Number of protein chains: 2
Amino acid sequence: MAIVRRSQKRDAILRLMRSTKCHPSADWIYQQLKEQYPNLSLGTVYRNLNQLSEQHIIRRVGVIQGQERFDAVTYPHAHFVCNRCGTVMDLPDCAPSEQAIQSLGKQYGFMVEGHEFNLRGLCQDCKHHITLEESAS
Amino acid sequence: MAIVRRSQKRDAILRLMRSTKCHPSADWIYQQLKEQYPNLSLGTVYRNLNQLSEQHIIRRVGVIQGQERFDAVTYPHAHFVCNRCGTVMDLPDCAPSEQAIQSLGKQYGFMVEGHEFNLRGLCQDCKHHITLEESAS
DNA sequence: CTCAATAATAAGAACGGTTTCTATTTAGGA
DNA sequence: TCCTAAATAGAAACCGTTCTTATTATTGAG
């Protein structure tokens with residue numbers, strides 16, 4: 001692996017990610033930071049997100065509505081994903097035990113490096129919207 | 001929802017999906033079926049996969065190495081995904097209980113429609129390849 | 001069986017998120 | 001300060017997926 005130098009942009013990306021609970025996409029980060037760094041490039045955001053997740057400093061949540069989402073919280077926890085608005089929320093008390101996962105890996109001969117545990121459905125707001133739409137038809 | 005008519009292509013897609021354990025991508029299905037249906041269109045595969053998953057006849061596994069993967073097995077079960085070769089395998093005895101999921105939904109006010117539970121890592125083959133590559137450097 | 005309505009399709013263009021390319025700037029050790 | 005290579009901006013390329021349009025296939029009604 002190549003040497004990693006510090007950079008202002010990467011520091012800012014990581015600081016922003018650690019200050020929000022919204023599980024951002026690359027573009028969301030780009031929109032937020034280009035006020036402070038007007039010449040920021042979207043490619044820079046992607047390159048740094050990829051680098052940070054290779055170093056396990058951040059985590060990939062998965063592709064939601066066509067965009068990869070990231071999470072600066074790296075300890076094991078599950079997510080709820082709203083299929084209508086794309087919101088991602090933490091389910092902190094819902095992580096599979098590391099022990100169970102590793103013993104599954106051993107059983108099948110896999111090297112388990114991580115996991116995604118996402119519940120899918122409708123959040124409270126969207127549940128209400130859907131109900132209104134249906135009663136209108 | 002619009003009326004659904006039967007079609008030869010959709011029947012063939014579903015038959016193929018039910019005959020394999022490989023959790024195919026749209027393109028894999030397209031490559032397989034275009035021998036028998038030379039004028040099959042990739043758009044047709046996508047349209048039918050989307051329709052079948054809206055009807056809950058098949059399931060989305062998630063985006064793996066840039067491609068959405070699908071599963072004709074719809075009862076709850078987990079997957080192992082190899083980060084190197086992209087293989088997806090079923091972990092049949094590793095499904096979160098429906099009861100636990102629904103009670104979580106109730107607790108937060110979500111309507112839970114489904115879930116993804118994917119372990120990630122290296123499969124047996126790729127584990128060996130990585131070991132060889134490292135010992136070569 | 002024939003016909004009409006419309007769902008499904010083929011072919012290819014368009015779309016959009018992500019990666020890659022190249023010249024330039026920046027970080028950081030000597 | 002100077003040198004080397006990592007990091008960046010800007011833009012082009014990439015590629016999986018969706019959309020468009022003219023045509024074909026399905027299915028119910030008469």
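Note that these values count all heavy atoms, side chains included, but never hydrogens, waters or copies made by symmetry. Just so we're clear, the structure is a prediction, and the values are computed from it rather than from any experiment. Residue numbers begin at 1 in each chain, while the letters A, B, ... track the order of the sequences.
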**Prompt:** Under 4.0 angstrom, heavy atoms only, what part of the nucleic acid is Arg47(A) near: base, sugar-phosphate, or nothing?
**Reply:** base

**Fill in**
Contacts of Gly43(B) and Ser41(A) projected onto DNA chain D by closest heavy atom; the upstream (5') one is Ser41(A)

**Leu119(B) reachable from Ile130(B) in the ILVMFWY side-chain graph, under 4.5 Å edges** = no

**Item:** ring pair (Phe, Tyr, Trp, His ring centres under 6.0 Å) partners of His128(B), counting only residues at least two apart
**Value:** none

**Prompt:** What does Asp27(A) touch in the nucleic acid at a heavy-atom separation under 4.0 angstrom: a base, only the sugar-phosphate, or nothing?
**Reply:** nothing

**Prompt:** What is the distance, rounded to the nearest whole Å, between atom CG of Leu40(A) and atom P of dA11(D)?
**Reply:** 14 Å

**Fill in**
Separation of dT8(D) atom P from Leu49(A) atom CG, nearest Å, is 11 Å

**Prompt:** Can you tell me if the side-chain N/O atoms of Gln67(B) get under 4.0 Å from OP1 or OP2 in dT17(D)?
**Reply:** no

**Asked** Just how far, in rounded Å, is P of dA25(D) from CG of Asn48(B)?
**Response** 16 Å

**Asked** Met89(A) and Met111(B): same hydrophobic cluster, using ILVMFWY side-chain contacts below 4.5 Å?
**Response** no

**Request:** Could you state the atom-to-atom distance from CG of Leu42(A) to P of dA11(D) in whole Å?
**Result:** 13 Å

**Message:** Just the rounded figure in Å: distance from P of dA7(D) to CD of Glu54(A).
**Reply:** 12 Å

**Prompt:** Parallel, tilted or perpendicular for Tyr108(B) and Phe110(B), by the 30°/60° rule?
**Reply:** parallel

**Complete:** Rounded to whole Å, CD of Glu68(A) lies from P of dG16(D) at a distance of 16 Å

**Request:** Using whole Å, report how far CD of Gln65(A) lies from P of dT18(D).
**Result:** 12 Å

**Message:** Whole angstroms only, please: what is the CD-C1' distance between Gln51(B) and dT18(D)?
**Reply:** 15 Å

**Prompt:** Which of these nucleotides, dT26(D), dG10(D), dA7(D), is closest to any side-chain atom of Asn39(A)?
**Reply:** dG10(D)

**CD/Gln107(B): more than 12 non-hydrogen atoms of other groups inside 6.0 Å** = yes

**Item:** N/O (side chain, Lys9(B)) to phosphate O (OP1/OP2, dA25(D)) under 4.0 Å
**Value:** no

**Message:** For the backbone of His23(B) and the side chain of Arg69(B), can you confirm whether one donor and one acceptor N or O come within less than 3.5 Å of each other?
**Reply:** yes

**Request:** With heavy atoms under 4.0 Å as the rule, sort Asn50(A) into base, sugar-phosphate or nothing.
**Result:** sugar-phosphate

**Prompt:** Earliest and latest nucleotide of DNA chain C, 5' to 3', sitting under 4.0 Å from a non-hydrogen atom of chain A?
**Reply:** dG17(C) to dG28(C)

**Asked** Is a salt bridge present between Asp90(B) and Lys21(B), judged by a nitrogen-to-oxygen distance below 4.0 Å?
**Response** no

**Prompt:** If you find the nucleotide of DNA chain C closest to Pro38(B) and the one closest to Arg69(A), which residue's nucleotide is nearer the 5' end?
**Reply:** Pro38(B)

